[in-house]
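Input: a single structure, listed below in structure tokens.
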There are 2 protein chains.
Amino acid sequence: MFFLKDLPTPDMTSQYARYYAPLEPEQIVDVLTELRRASLLIRDIEAYFRERDFSLLRFLILIIIDRQSDRDYLQFSEIVEKVDVSKPVVTRTIKCMVETGLLSMHGDEADKRIKNYSLTDAGKACIQDLFPGYFKLLGAAAGKSNS
Amino acid sequence: MFFLKDLPTPDMTSQYARYYAPLEPEQIVDVLTELRRASLLIRDIEAYFRERDFSLLRFLILIIIDRQSDRDYLQFSEIVEKVDVSKPVVTRTIKCMVETGLLSMHGDEADKRIKNYSLTDAGKACIQDLFPGYFKLLGAAAGKSNS
DNA sequence: CCTCTTTAGTTATCATGCTAACAAAATAGG
DNA sequence: CCTATTTTGTTAGCATGATAACTAAAGAGG
């Protein structure tokens, strides 16, 4: 998805290069090649999590809370900013993660709008379970880029 | 989306590198950096088409039919293979494109299962309209990668 | 021919992304 | 204080991706 199997061909660039003069055709081919590689890897990663009834976004949310060095929780808006996905998607995803026992919510006494989320033990275990396979996919991609 | 705003940090690699020994931490950082760059560009591209009530997939379908050098049509299954998206998504997308007059369908007398699709004049015009902005986004990304 | 398998494409259902519009709490400023 | 604005997070609705299961036509083998 996202990019054509055989897109970066010379005819494409020569045919369409006139549309935006400042660009070298080779640069466009490079960008398209990178997009293609990345979209395949993203698809593999998403398939990896989907096969385990999980999702990349849920995994990333676990990771960023775990990585926070000074606290064991993050505020909703901090999560949104770090994962860089729209707020409604984060609302929905976090709701599911609380329901399945991966996150716990605790409010703020001073500001009743704020919601903070921490990892549960199950959430920490989930990272441990999923990390090796995830890392392996990244590593396989790194290997290919060197060839 | 897809990758964290600040993911490729040293602590992440040192903390998790043990999960998959053969990998150099720098390689993982490179892959994550590439994923991040690509996912931002994909998001920009999708936003570009969405703002114009279109989609990347519809655009790619137009392009691959247009690029076919020996014929002015493609069979459904050829489109599926080239765009590398699941068949049901292509069915739905092409249906919409026929309804909005961008593609025309013509069957095959010998094999009644087969459906071939060609660009209409509106479909060709659509490519002309959308290509410059698309190319510009690719070019902006190419520029950034060099810096 | 007549069944069985394969191929081509569709339908149904769900997950995850988005924007727009909203509700509730906090803050600002007269 | 009391209204107006800002901030925090949610709800509603839609677009686009996936898989599983299906229909219909073609081909294969007795």
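Reckoned from all heavy atoms, side chains included, excluding hydrogens, waters and symmetry mates.
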To the nearest Å, give me how far apart CD1 (B:Ile42) and P (C:dC18) are.
13 Å
State whether A:Arg113 places a side-chain N or O below 4.0 Å from either non-bridging phosphate oxygen (OP1 or OP2) of D:dT10.
no
So, under a plain 3.5 Å distance rule, would you say the side chain of A:Arg92 forms a donor-acceptor pair with the base of D:dG9?
no
Compare the minimum distances between each of C:dT10, D:dA18, D:dT10 and the side chain of A:Lys87, then state the nucleotide with the smallest one.
D:dT10
Within the pair A:Ser77 and D:dT8, is there a side-chain N or O less than 4.0 Å away from OP1 or OP2?
no
Let's see if you can work this out: which of C:dA8, C:dA25, D:dG9 has an atom nearest to the side-chain heavy atoms of A:Lys112?
C:dA25
Cluster overlap A:Leu62 with A:Val89, hydrophobic side-chain contacts below 4.5 Å:
yes
Without hydrogens or angle criteria, can the side chains of A:Arg36 and A:Thr33 be said to hold a donor-acceptor pair below 3.5 Å?
no
Find the distance A:Asp108:CG to D:dG9:C1' and express it as a whole number of Å.
14 Å
Can you tell which of D:dT8, C:dG17, D:dA25 lies closest to the side chain of B:Asp111?
D:dA25
Would you tell me whether A:Asp66 and A:Gln68 have side-chain atoms, one donor and one acceptor, within less than 3.5 Å of each other?
no
Hey, do the aromatic rings of A:Phe49 and A:Phe59 have their centres closer than 6.0 Å?
yes
Kindly indicate whether the side chain of A:Lys115 and the base of D:dG9 share any N or O donor-acceptor pair separated by less than 3.5 Å?
no
Any side-chain heavy atom of A:Leu130 within less than 4.5 Å of one from A:Tyr48?
yes
Measuring from the side chain of A:Pro88 (C-beta onward, heavy atoms only), which nucleotide among C:dA8, D:dG9, D:dT10 has the closest atom?
D:dT10
Against the side chain of B:Ile114, the closest entry in C:dG17, C:dA15, C:dA8 is C:dA8
Cationic tip of A:Arg58 above A:Phe54 ring, under 6.0 Å, 45° of axis:
yes
How many whole angstroms separate atom CZ of B:Phe76 from atom C1' of D:dT23?
14 Å
Heavy atoms from C-beta onward define the side chain here; which of C:dA26, C:dT10, D:dG9 lies closest to that of B:Tyr117?
C:dT10
Is there a salt bridge (Lys or Arg N to Asp or Glu O under 4.0 Å) between A:Glu81 and A:Lys87? Walk through the geometry before answering.
CA-CA 9 Å; A:Glu81 204 222 346; A:Lys87 284 191 299 181; over 6 Å; no
Between atom CD in B:Glu46 and atom P in C:dG17, what is the gap in whole Å?
11 Å
Quick check on side-chain contact (heavy atoms from CB on, under 4.5 Å): which of A:Ile94, A:Thr93, A:Thr120 does A:Leu103 satisfy it with?
A:Ile94
Starting from C1' on D:dT16, measure out to CZ on A:Arg50 and report it in whole angstrom.
13 Å
In whole angstroms, how far is the P atom of C:dC18 from the CZ atom of B:Arg43?
6 Å
Look at the side-chain N and O atoms of A:Ser55 and state whether any lies under 4.0 Å from the OP1 or OP2 oxygen of C:dT16.
yes
Calculate the interatomic distance between B:Ile45 atom CD1 and D:dT16 atom C1'; express it in whole Å.
16 Å
Shortest side-chain distance from B:Ser86, nucleotide among D:dT19, D:dT16, C:dT10
D:dT19
C:dG9, C:dC18, C:dA25: which one has an atom nearest the side-chain heavy atoms of A:Val89?
C:dC18
Please round to 10 degrees the angle between the axis of the first five pairs and the axis of the last five pairs in the helix from C:dC1-D:dG30 to C:dG30-D:dC1.
0°
Starting at CZ of A:Arg52 and ending at P of C:dA15, how long is that distance when rounded to a whole Å?
18 Å
